[in-house]
Q: 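Below is one structure. I have some questions about it.
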Amino acid sequence: MIFAKGGDVVDISVGDILIMKKQHPGCGNDHMKVLRVGADFKLTCMGCGRTFMTPRSKCEKKIKSVIHQADEKDK
């Protein structure tokens, strides 16, 4: 589970953009778009477009913040 600053649980869904703690080794970008959610996350790098799958437990530890898809539609 990912907790926000206030202690709330953050829900990740398809279409959200994750800002990671570390940069992608291939291109140096730290923004990843969520393509699939389940026991594994399927992510695509917003910089180079590479798609990869990672276990949920590892991915949740590496997330710095989440930009929700609904937030972008409101703007």
Side-chain angles (χ1 to χ4, degrees):
M1 275 188 252
I2 302 168
F3 295 99
K5 290 182 182 177
D8 299 330
V9 177
V10 177
D11 188 30
I12 298 172
S13 58
V14 175
D16 290 347
I17 297 175
L18 308 177
I19 301 173
M20 309 304 275
K21 292 179 182 175
K22 293 185 178 181
Q23 297 175 344
H24 185 229
C27 66
N29 194 355
D30 62 349
H31 288 62
M32 307 290 167
K33 185 171 185 176
V34 179
L35 300 178
R36 179 182 175 276
V37 177
D40 297 325
F41 283 153
K42 186 172 186 179
L43 305 173
T44 185
C45 177
M46 299 293 286
C48 63
R50 182 174 176 122
T51 303
F52 57 95
M53 291 193 66
T54 182
R56 177 186 278 268
S57 59
K58 283 189 173 184
C59 187
E60 286 181 342
K61 292 176 186 176
K62 296 178 183 181
I63 296 172
K64 188 177 191 179
S65 64
V66 180
I67 302 172
H68 293 287
Q69 184 179 18
D71 293 345
E72 290 182 354
K73 288 182 182 178
D74 293 340
K75 293 181 180 177

Q: With side chain to side chain contact (heavy atoms under 4.5 Å, CB included) as the test, would you mind laying out the steps for Met32 and His24 before giving the verdict?
A: CA-CA 9 Å; Met32 307 290 167; His24 185 229; 3.7 Å; yes
Q: Begin from the C-alpha positions of Leu35 and Phe41 and carry the test side chain to side chain contact (heavy atoms under 4.5 Å, CB included) through to its verdict.
A: CA-CA 7 Å; Leu35 300 178; Phe41 283 153; over 6 Å; no
Q: Kindly give the heavy-atom pair with the smallest separation between Asp11 and His68, and that separation in Å.
A: O-CE1, 3.0 Å
Q: Using atom types as modelled and distance alone, determine if a side-chain donor or acceptor of Lys21 lies under 3.5 Å from a backbone N or O of Asp30.
A: no
Q: Taking all atoms of both residues into account, what is the closest heavy-atom pair of Pro55 and Asp40, and its distance?
A: CA-OD1, 3.4 Å
Q: Tell me the closest heavy-atom pair linking Cys59 and Thr54, and the distance in Å.
A: CB-CG2, 3.8 Å
Q: Closest approach of Asn29 and His31, non-hydrogen atoms and distance?
A: OD1-N, 3.2 Å
Q: What is the minimum heavy-atom distance between Arg56 and Gly38, and which atoms define it?
A: NE-O, 2.9 Å
Q: Nearest 0.5 Å please: distance from the CD1 atom of Ile63 over to the CG atom of Asp16.
A: 9.5 Å
Q: So how far is it from Met20 CE to Leu43 CG, rounded to the nearest 0.5 Å?
A: 6.0 Å
Q: Determine, stepwise, if the pair Val66 / Ile19 fulfils side chain to side chain contact (heavy atoms under 4.5 Å, CB included).
A: CA-CA 6 Å; Val66 180; Ile19 301 173; over 6 Å; no
Q: If every non-hydrogen atom of Arg36 is compared with every non-hydrogen atom of Val14, which pair is closest and at what distance?
A: CA-CG2, 4.2 Å
Q: Quick one, Lys42 with Met53, criterion side chain to side chain contact (heavy atoms under 4.5 Å, CB included). Give me CA distance, side-chain angles, the key distance, then yes/no.
A: CA-CA 4 Å; Lys42 186 172 186 179; Met53 291 193 66; 3.9 Å; yes
